[in-house]
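Let me begin by presenting the structure, written as structure tokens, before commenting on it.
All values below come from the heavy atoms of this structure, side chains included, with hydrogens, waters and symmetry mates left out.
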Amino acid sequence: MTAPVVSVIIAAKNAEDTIGGSLKSLVNQRFDRDELEVVVVNDGSTDDTAGVIAEFADQLNLVDIHNAQSLGVSTARNTALEAATGDTITYLDGDDWYAPGHLRSLTDAITGLGVDFVKTNYLIVNGFNRKLRNAPCFTHNTALRPRNYILPHDASTMVDFPECWTGIYSRSMARRGLLEFNPDLRTCEDRPWTWRHHLEADSFAVVDTAGLCYRKGSATSLTAIYDERQLDFIPAFRSVFAMLEEKPEFRRFEQKAVRNFLSILYFQIHNRGTSMTHDVRSKLNLGAVNTLKGVDTDIIDQALHNFGEHRLPVIDSIVRRAR
């Protein structure tokens, strides 16, 4: 039996109001039924997400997996990955959707270019407003070496574009274990995931298309929640730092990783700090201090070069405590 051209992985929790639009968009992707496999993990939803998914059983080649209790997005995606049989694999959140034909353009790109993975631009949708976010790489439609697109440390690069749903990935990456998420991470799970791709994969490409529509402002999105789950960026970056310690040739990327960490630390404090409880904020400060204590002070100083005079005061007390 011929494998599907692509498997789309969707981890959904309490997505009753939006997942119908996500699944409907997959019907319009210019694939025969057997070419497109949709693996949905209903991760402990307490609304009628299951009922909405069931409505598409006759329209899509659907693999429907239900977790009685929520196990988190990382575990849900890993479960779906084990069930997926497609030659290529991509991800879609249960509140996002594709423009017609977008997925076909991605499968054509990864097959035509013969690369491990392809990344693409996307549209941020906030009500009636649309904003294009471009992948931070000016070379398009060309096979590239992933390690060459990690630096420079003080500019946006491909490791700053980590969302798993902005890419399509080859079956060979799954066989190499490069598509598994850390099940302990409830947020920021795609940061170390993306770093590993750029350290270990052999090739990638960026294509100039923007058919993925990302819904901003969803009430169920973890980006809108300010509890302890937001602190998972700390263990996420500890795992990135550990990756960079594995091989001498990776050490040149440490400054970039520290810069990433400090930028997210700034964002969490500046944008979310006042919405956190005292306990969560205290854990954030302590976790950040302990993480930075394991980093050479020269690397921290280099990472802070051109960090921005308006941003430095926000993280200054944590950096000083870590020295």
So, do [X] and [Y] sit near enough that their side-chain heavy atoms are less than 4.5 Å apart?
{"X": "Phe261", "Y": "Val295", "answer": "no"}
{"X": "Leu151", "Y": "Thr157", "answer": "no"}
{"X": "Leu199", "Y": "Ile150", "answer": "yes"}
{"X": "Pro192", "Y": "Met243", "answer": "yes"}
{"X": "Ser74", "Y": "Asn182", "answer": "no"}
{"X": "Arg145", "Y": "Ser203", "answer": "no"}
{"X": "Thr139", "Y": "Val206", "answer": "no"}
{"X": "Val5", "Y": "Asp87", "answer": "no"}

Taking a hydrophobic cluster as the set of Ile, Leu, Val, Met, Phe, Trp and Tyr residues connected by side-chain heavy atoms closer than 4.5 Å, whether directly or through intermediates, do [X] and [Y] fall within one such cluster?
{"X": "Leu71", "Y": "Val41", "result": "no"}
{"X": "Trp97", "Y": "Phe56", "result": "no"}
{"X": "Val314", "Y": "Leu284", "result": "yes"}
{"X": "Val125", "Y": "Phe161", "result": "no"}
{"X": "Ile9", "Y": "Val27", "result": "yes"}

Evaluate the criterion side chain to side chain contact (heavy atoms under 4.5 Å, CB included) for residue pair Phe253 and Val240; output intermediate values, then yes/no.
CA-CA 10 Å; Phe253 302 123; Val240 173; over 6 Å; no
Does the Lys NZ or Arg CZ of Arg104 fall within the cation-pi geometry relative to Phe31 - under 6.0 Å from the ring centre and within 45° of the axis?
yes
Can we call the ring centroids of Phe204 and His197 under 6.0 Å apart?
no
For the ring pair His198 and Phe250, is the centre-to-centre distance below 6.0 Å?
no
Please evaluate residues Leu26 and Tyr98 with respect to the criterion side chain to side chain contact (heavy atoms under 4.5 Å, CB included), reporting the C-alpha separation (whole Å), side-chain torsions for both, the decisive distance (0.1 Å), and the verdict.
CA-CA 7 Å; Leu26 291 172; Tyr98 293 143; 3.5 Å; yes
Are there more than 12 heavy atoms of other residues, nucleotides or ligands under 6.0 Å from atom CG of Asn271?
yes
Checking the side chain of Arg215 only, and the main-chain atoms of Gly94 only, is there a donor and an acceptor separated by less than 3.5 Å?
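No: the side chain of Arg215 does not pair with the backbone of Gly94.
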Look at the side chain of Thr194 and the backbone N and O of Val159, then say whether any donor-acceptor pair between them is shorter than 3.5 Å.
no
Between Leu312 and Leu304, is the side chain to side chain contact (heavy atoms under 4.5 Å, CB included) condition met? List the steps.
CA-CA 8 Å; Leu312 280 171; Leu304 287 172; 3.7 Å; yes
Do the charged groups of [X] and [Y] touch, with an N to O distance under 4.0 Å?
{"X": "Arg191", "Y": "Asp232", "answer": "no"}
{"X": "Lys256", "Y": "Asp160", "answer": "yes"}
{"X": "Arg176", "Y": "Glu200", "answer": "no"}
{"X": "Asp296", "Y": "Arg251", "answer": "no"}
{"X": "Arg77", "Y": "Asp43", "answer": "no"}

Please name the residue in the list Val280, Asn290, Ile318, Leu265 that meets the side-chain contact (heavy atoms from CB on, under 4.5 Å) test with Asn285.
Ile318
Going by the side-chain hydrogen bond (donor to acceptor under 3.5 Å, both in side chains) test, name the single residue among Lys131, His102, Arg133 that passes it with Tyr122.
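Only one of Lys131, His102, Arg133 forms a side-chain hydrogen bond (donor to acceptor under 3.5 Å, both in side chains) with Tyr122, namely Arg133.
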Would you say Asn14 and Thr46 are linked by a side-chain donor-acceptor pair, where the criterion is simply a distance under 3.5 Å?
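Per modelled atom types, Thr46 and Asn14 side chains form a pair under 3.5 Å.
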How close do Ser7 and Gly86 get, counting heavy atoms only, and between which atoms?
OG-N, 2.8 Å
For the residue pair Val115 and Ala143, what are the closest heavy atoms and their distance?
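For Val115 versus Ala143, the nearest heavy atoms are CG1-CB, 3.6 Å.
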Nearest 0.5 angstrom please: Ile269 CD1 to Met276 CE, how far?
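It is 8.0 Å, given to the nearest 0.5 Å.
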